[in-house]
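What follows is a set of notes on a single structure, which appears directly below.
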Amino acid sequence: MSLLPQLLSRSEAWLWGKPISAARIREQPSDFCVEEILGFEPDGEGEHVFVLIQKTGENTEWVARQLAKFTGTNPRDIGYAGKKDRHAITQQWFSFKHPIKAPPIRWSLFETSTIKVLQHTRHGRKLKTGVLQGNRFELLLRNVTEPLALVERFKAIQKAGVPNYFGEQRFGQAYGNITQGEALLAGVLKERQSHKRGLYISALRSALFNQIVSERILQHRWETVQIGDVLMLPSSQSCFVVEQGMSDMAARLAAGELSHTAPMWGAGELMTQGVAADFEKSIVSEWQAWADALETLGLRQERRRARLMPEFAELNQVTESQFRVTFSLPAGSFATSVLRELCLVENSQQVELAE
């Protein structure tokens, strides 16, 4: 039996209740700008060319194919750290193998009205998926209602962060990835493409994570710490179990030095202990069919932080009803989760990937 109707009947909790303000986003690509933070500098040497591309209204895979065609590279050998939104202006790095003594590439021949080459250099290794520190976002909010409430809500986000929910992009249009994931687990769907298979399975794990984080808020466990909880140091992403005598954990949690975590479900014992483990098990029991199936796929229990703290966050009023918001997020986090906490968003375009 499908658990999707049960999922659709719920809404992830807000930290301070449903936002009062509303806004419209993505009326045009320049309303949603994303700049990739690679986290390292290409060393300028080696047989791989790194090229920083600004694309407007184009998705990552399409640009990668165009780059492969232009450079004569096998599409599978084009590297990039992550996928970016189509309905946006995004800057991201791509890589491909190119002989050091080969003639210089005339990048002006590759550029179009929607593709611009901002920088190119060399590096010793291919750019691989996941090798990314984060992303910087610059978003324009249009038709903002209750602007004073928006400003106050933003101040709260700066201080306390937002729930680190997986965004709607992870679940696909009309929750299609959940539907496919259930079909996959039931043996109805035989997906041969590994990346699609991984996407569907990840959607189910992500939905379980969101439910546990949401219940932590609803049950007033967001700012409290108990023996057996698993906290994370965001700077290093290292986790530890709260033990007797750790009296300063709540204060450090409130200061943003630590974050609660929630499980990314898989085989093995939960890292939480005692009452904290019982809490997580009680939530997952409502989705036991998914949890049991996920444990059979070779996935291991992992932890993901529950609180997301946007960095370098600013909110500036452009006109009476327009605001520009900027912030940086670590890789794997969703700008839509920040916007969701800030205001009720009307999206003019279909959202794609924004991790």
Side-chain angles (χ1 to χ4, degrees), residues 25-100 102-123 125-142 169 312 314 316 318 322 324-329 331 335-336 347-355:
I25 64 171
R26 296 178 184 267
E27 286 196 354
Q28 54 193 44
S30 59
D31 290 354
F32 202 102
C33 299
V34 187
E35 180 181 341
E36 196 171 69
I37 304 171
L38 200 55
F40 68 92
E41 288 291 333
D43 55 27
E45 299 179 353
E47 58 182 0
H48 294 271
V49 172
F50 274 42
V51 54
L52 179 61
I53 292 176
Q54 177 175 292
K55 56 188 184 64
T56 302
E58 307 290 3
N59 67 46
T60 299
E61 292 178 334
W62 184 84
V63 172
R65 290 195 298 270
Q66 302 311 303
L67 183 62
K69 184 185 297 185
F70 179 74
T71 59
T73 304
N74 189 313
R76 291 177 297 182
D77 295 328
I78 298 293
Y80 51 81
K83 296 179 181 179
K84 297 292 184 292
D85 295 271
R86 175 183 178 184
H87 301 293
I89 296 178
T90 64
Q91 295 181 13
Q92 70 175 121
W93 287 93
F94 293 81
S95 79
F96 60 95
K97 196 171 183 179
H98 191 64
I100 295 176
I105 297 173
R106 296 179 60 186
W107 287 111
S108 60
L109 299 179
F110 178 65
E111 294 185 324
T112 68
S113 60
T114 60
I115 298 176
K116 302 297 179 185
V117 174
L118 304 180
Q119 186 180 342
H120 55 87
T121 185
R122 285 188 173 271
H123 193 63
R125 296 182 179 180
K126 176 184 178 180
L127 182 59
K128 295 185 178 181
T129 301
V131 183
L132 181 66
Q133 181 176 319
N135 296 287
R136 178 182 178 274
F137 298 88
E138 183 174 319
L139 316 177
L140 183 65
L141 307 180
R142 298 177 182 268
Q169 309 94 300
F312 311 109
E314 294 184 3
N316 295 295
V318 180
Q322 291 185 8
R324 191 174 302 278
V325 57
T326 60
F327 52 86
S328 296
L329 298 178
T336 48
N347 198 342
S348 301
Q349 301 288 346
Q350 172 62 39
V351 179
E352 295 183 357
L353 294 171
E355 290 185 65

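Sequence positions, counted from 1, serve as the residue numbers for this chain.
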Tell me every residue that passes ring pair (Phe, Tyr, Trp, His ring centres under 6.0 Å) with Phe40, counting only those two or more places apart in sequence or in another chain. His123
dist Thr326:OG1 -> Phe137:CZ (nearest 0.5 Å) comes out at 11.5 Å
Nearest heavy-atom neighbours spanning Pro75 and Ala68: CA-CB, 3.8 Å
Reported CZ-to-OG distance for the pair Arg125 and Ser95, which is rounded to 0.5 angstrom: 12.5 Å
Interatomic spacing from OH in Tyr80 to NZ in Lys126 - rounded to 0.5 Å: 9.5 Å
Is the shortest heavy-atom distance from the side chain of Phe312 to the side chain of Arg136 under 4.5 Å? no
Across all chains, not counting sequence neighbours, the side-chain contact (heavy atoms from CB on, under 4.5 Å) partners of Asn74 are Arg76, Asp77
Parallel, tilted or perpendicular, as decided by the 30° and 60° cut-offs, for the rings of Trp107 and His120: tilted
Sorted by chain and number, sequence neighbours left out, ring pair (Phe, Tyr, Trp, His ring centres under 6.0 Å) with His98 holds for Phe96
Gln66: which residues meet the side-chain contact (heavy atoms from CB on, under 4.5 Å) condition with it, sequence neighbours left out? Trp62, Lys69, Phe110
What pairs with Thr71 under side chain to side chain donor-acceptor pair (under 3.5 Å), at least two apart in sequence or on another chain? Thr73
Only counting residues at least two apart or in another chain, list the ones meeting side-chain contact (heavy atoms from CB on, under 4.5 Å) with Arg324. Glu138, Leu140, Val318
Sole candidate of Glu35, Gln54, Lys55 that passes side-chain contact (heavy atoms from CB on, under 4.5 Å) when paired with Ile89: Gln54
Test of understanding: with side chain to side chain donor-acceptor pair (under 3.5 Å), list the residues that count as partners of Ser30, not counting sequence neighbours. Gln28
CZ/Phe32 to CD1/Ile25 distance, rounded to the nearest 0.5 angstrom? 6.0 Å
Where the side chain of Arg26 meets the backbone of His87, is there a donor-acceptor pair that is under 3.5 Å apart? yes
Please give me the minimum heavy-atom distance between Leu38 and Val131, naming the atom from each residue. CD1-O, 3.8 Å
So, does Thr60 use its side chain to make a donor-acceptor pair with the main chain of Lys83 at under 3.5 Å? no
Residues Thr121 and Gly44: closest non-hydrogen pair is OG1-CA, 3.4 Å
Say you draw a straight line from CZ of Phe327 to CG of Asn135; how long is it, rounded to the nearest 0.5 Å? 10.0 Å
Heavy-atom side-chain contact between Leu132 and Trp93 under 4.5 Å: no
Taking side chain to side chain donor-acceptor pair (under 3.5 Å) as the test, write out the residues that go with Gln322, two or more places apart. none
Those residues that, when tested against Glu36, pass side chain to side chain donor-acceptor pair (under 3.5 Å) (two or more places apart): Lys84
Is there any side chain to side chain donor-acceptor pair (under 3.5 Å) pair reaching into residues 108-119, and which pairs are they, with sequence neighbours excluded? Glu58-Thr114, Thr112-Thr114
All N/O donor-acceptor pairs, side-chain side in residues 45-53, below 3.5 Å, sequence neighbours left out:
none

